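Notes to accompany the following structure.
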Number of protein chains: 2
Amino acid sequence: MSTQKLDSQIRRRQIVKAAIELLGTCDVGELSLAMIARRVGLVPSAIYRHFEGREAVLDAVLDSIGDRLRENLRLVEQEPEALPRLKSLLMMHVRFVRENQAIPRTIFSDEIVSRNPGRRRKVYQIIQSYLQGVAAIIQDGQAAEKIRADVDSTTIAMQFLGIVQSGAILRHLSDGEFDIARYARRAWEHFRNSTAAESP
Amino acid sequence: MSTQKLDSQIRRRQIVKAAIELLGTCDVGELSLAMIARRVGLVPSAIYRHFEGREAVLDAVLDSIGDRLRENLRLVEQEPEALPRLKSLLMMHVRFVRENQAIPRTIFSDEIVSRNPGRRRKVYQIIQSYLQGVAAIIQDGQAAEKIRADVDSTTIAMQFLGIVQSGAILRHLSDGEFDIARYARRAWEHFRNSTAAESP
DNA sequence: CGCCTATGTGAATCTAGAATCACATCGAGG
DNA sequence: CCTCGATGTGATTCTAGATTCACATAGGCG
């Protein structure tokens, strides 16, 4: 066959992209180099020209997801007020999860997280860093007396993340029947009511 | 070898028990019939005397977990007041998750949930039924004016479940460093404050 | 006691998929 | 134009693990 030869940099990106897309349909355990290769238009063994092996591909997928989450956090910085900023972040996260079913499922999947201590640490850092980003927004809100100050910002941040997390799980379990966007709106109402500072 | 011959009923229980114990250490994908057999004191092929195959063993594991969750829900029925009842349930669930690391990780694992539509539905029902149990407690509380009535009971129930869920994930990611019990206590405080009905 | 069947065993089969290797060829740089 | 290293290919090897099967035997039951 006469497959075009491309720079390894480009191939790496294509391979990671293909992997993430495939993860929307199948789970990590099922994701084989053969599937990835076919989607990119290569032969399985060609993957080894660009990655050490399957594990390395998964690492790269993880990095890519981390980048995307950081990006989300950066995008909402333009919003000055804490609560609206959180709402933006929530809605963005919901959209992200809906378009990219792979992410929440993959990032917490056993194969990614359990098998390899190094990778577990990496995921932990990704989550921690997202969590801290959210906690920082909440602290801003507390300083500005917009968010009740009698609760630890991290606890609130975890509750906040839990909204999408639980929603994503139910959505997946229900085969998409569960309306995560609607749930997120309701949960947001409750979240806002219960964390906003009392208006004096 | 002269392994004692036991009734299939007994062997099935032993096999499921062994599987759940092993899942505390390894993930579903790694769980092989060989590991299970060794722990029970059998040879891999012997498993087939008691189960159709690996899939059937996993189904049985799932059923067992479902039983256990229903059991928890039943245990707190003795507590009459809604909020204390929820607190009991939360603490019981936390203990359950700590002692049985397998459960939250297994029940949401891709291999259990993604590969087999029938199993996904089964998990969905297990969760839904637990969720409804929690929502029922909350409705009781709302009827008794102990829990604010301006929020959908299901939304509150999901938030409630999210406490353990997120905690279990962080605990796993952090290699047990994250103190889920401490987190659960804090989250409970916040949960109670934000869902209790205003005292007039 | 002796039979008969449910259990248990070990070897053999089958499969998927990762990884490796020798060979082919594209295309950038001289 | 030529060459050489980077890419791509197909065949091959290797492994783990599920499953099957023919054979062995424990132990309940007549």
Side-chain angles (χ1 to χ4, degrees), chain A residues 1-19 21-23 25-62 106 109-112 114-116 118-119, chain B residues 1-19 21-23 25-62 106 109-112 114-116 118-119:
Chain A
M1 283 295 99
S2 64
T3 304
Q4 193 182 178
K5 291 194 178 182
L6 291 177
D7 185 77
S8 200
Q9 188 81 37
I10 296 177
R11 283 296 191 212
R12 288 179 59 97
R13 273 200 292 272
Q14 291 182 329
I15 289 168
V16 170
K17 182 158 173 286
E21 285 164 3
L22 286 166
L23 285 171
T25 323
C26 73
D27 72 271
V28 186
E30 289 172 313
L31 184 69
S32 69
L33 292 185
M35 293 166 66
I36 299 174
R38 193 170 339 115
R39 180 170 263 256
V40 176
L42 287 175
V43 108
S45 59
I47 305 276
Y48 291 86
R49 294 287 174 214
H50 313 291
F51 287 95
E52 293 258 324
R54 196 184 114 97
E55 295 286 289
V57 175
L58 292 182
D59 276 334
V61 164
L62 215 48
T106 301
S109 86
D110 273 343
E111 177 160 0
I112 287 290
S114 301
R115 307 254 236 256
N116 178 328
R119 210 145 53 201
Chain B
M1 283 289 100
S2 62
T3 303
Q4 193 183 179
K5 291 193 178 181
L6 291 177
D7 184 75
S8 200
Q9 188 82 37
I10 296 178
R11 283 296 191 213
R12 286 178 62 95
R13 274 200 291 273
Q14 290 182 332
I15 289 168
V16 170
K17 182 158 172 285
E21 284 164 5
L22 286 165
L23 285 171
T25 324
C26 73
D27 70 270
V28 186
E30 289 172 312
L31 184 69
S32 69
L33 291 184
M35 294 166 65
I36 299 174
R38 194 171 336 116
R39 180 170 262 255
V40 176
L42 287 174
V43 107
S45 58
I47 306 277
Y48 289 85
R49 293 289 174 210
H50 313 290
F51 287 95
E52 291 259 324
R54 195 184 115 98
E55 295 286 288
V57 175
L58 293 182
D59 275 335
V61 164
L62 215 49
T106 300
S109 88
D110 273 343
E111 178 160 359
I112 286 291
S114 300
R115 306 254 237 256
N116 178 328
R119 212 146 51 203

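In what follows, chains are A, B, ... by sequence order, proteins preceding strands, each numbered from 1. Note that the coordinates shown come from a computational prediction; the quantities given were computed from them, not determined experimentally.
- Closest to the side chain of B/S45, out of D/dC21, D/dT9, D/dT7, is D/dC21.
- With rounding to whole Å, B/R115 atom CZ is found 12 Å from C/dA16 atom C1'.
- Straight-line distance from the OH atom of B/Y48 to the C1' atom of D/dA18: 4 Å, rounded to whole Å.
- With rounding to the nearest 0.5 Å, the separation of CD1 in B/I47 from CG in B/L33 is 5.5 Å.
- For B/I10 and C/dG8, the CD1 to P distance is 10 Å, given to the nearest whole Å.
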What's the verdict on side-chain hydrogen bond (donor to acceptor under 3.5 Å, both in side chains) for A/R11 and A/Q14, showing C-alpha distance, side-chain angles and the deciding distance?
-> CA-CA 5 Å; A/R11 283 296 191 212; A/Q14 291 182 329; 2.7 Å; yes

Show your working on side chain to side chain contact (heavy atoms under 4.5 Å, CB included) between B/E55 and B/R119 and close with a plain yes or no.
-> CA-CA 10 Å; B/E55 295 286 288; B/R119 212 146 51 203; 3.5 Å; yes

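- Judged by distance alone, with hydrogens and angles left aside, the side-chain atoms of B/E21 form no donor-acceptor pair with the main-chain N or O of B/A18 at under 3.5 Å.
- Note on B/R49: a base of the nucleic acid sits closer than 4.0 angstrom, heavy atoms only.
- Of the residues in residues 25-35 of chain B, none has a non-hydrogen atom less than 4.0 angstrom from any atom of DNA chain C.
- At whole-Å resolution of the value, CZ in A/F51 and C1' in C/dA18 are 16 Å apart.
- The closest side-chain heavy-atom distance from B/D110 to A/D110 is not below 4.5 Å.
- Atom CG in B/D7 sits roughly 6 Å away from atom P in C/dT7 (whole-Å rounding).
- The side chain of B/L42 lies closest to C/dT9 when the candidates are C/dA18, C/dT9, D/dT9.
- Regarding contacts with the backbone of C/dG8, a side-chain N or O of B/R11 is found under 4.0 angstrom from either OP1 or OP2.
- Distances shorter than 4.0 Å separate none of the side-chain N or O atoms of B/H50 from OP1 or OP2 on C/dA6.
- If you take CZ of B/R38 and P of C/dG8, they are 17 Å apart, rounded to a whole angstrom.
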Check: protein-nucleotides 27-30 of chain C nitrogen or oxygen pairs below 3.5 Å:
none

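- Shortest non-hydrogen contact noted between B/E111 and B/G29 is OE1-CA, 3.1 Å.
- The heavy-atom pair separating B/G53 from B/Y48 by the smallest distance is CA-CE2, 3.8 Å.
- Taking CG of A/L23 as the reference point, atom CG of A/L31 lies at 5.0 Å (rounded to 0.5 Å).
- As rounded to whole Å, 19 Å separates atom P of D/dT15 from atom CZ of A/R54.
- Contacts of A/S8 classified as side-chain hydrogen bond (donor to acceptor under 3.5 Å, both in side chains), with partners at least two apart in sequence or in another chain: A/H50.
- The CD atom of A/E111 sits 12 Å away from the P atom of C/dG17 (whole-angstrom rounding).
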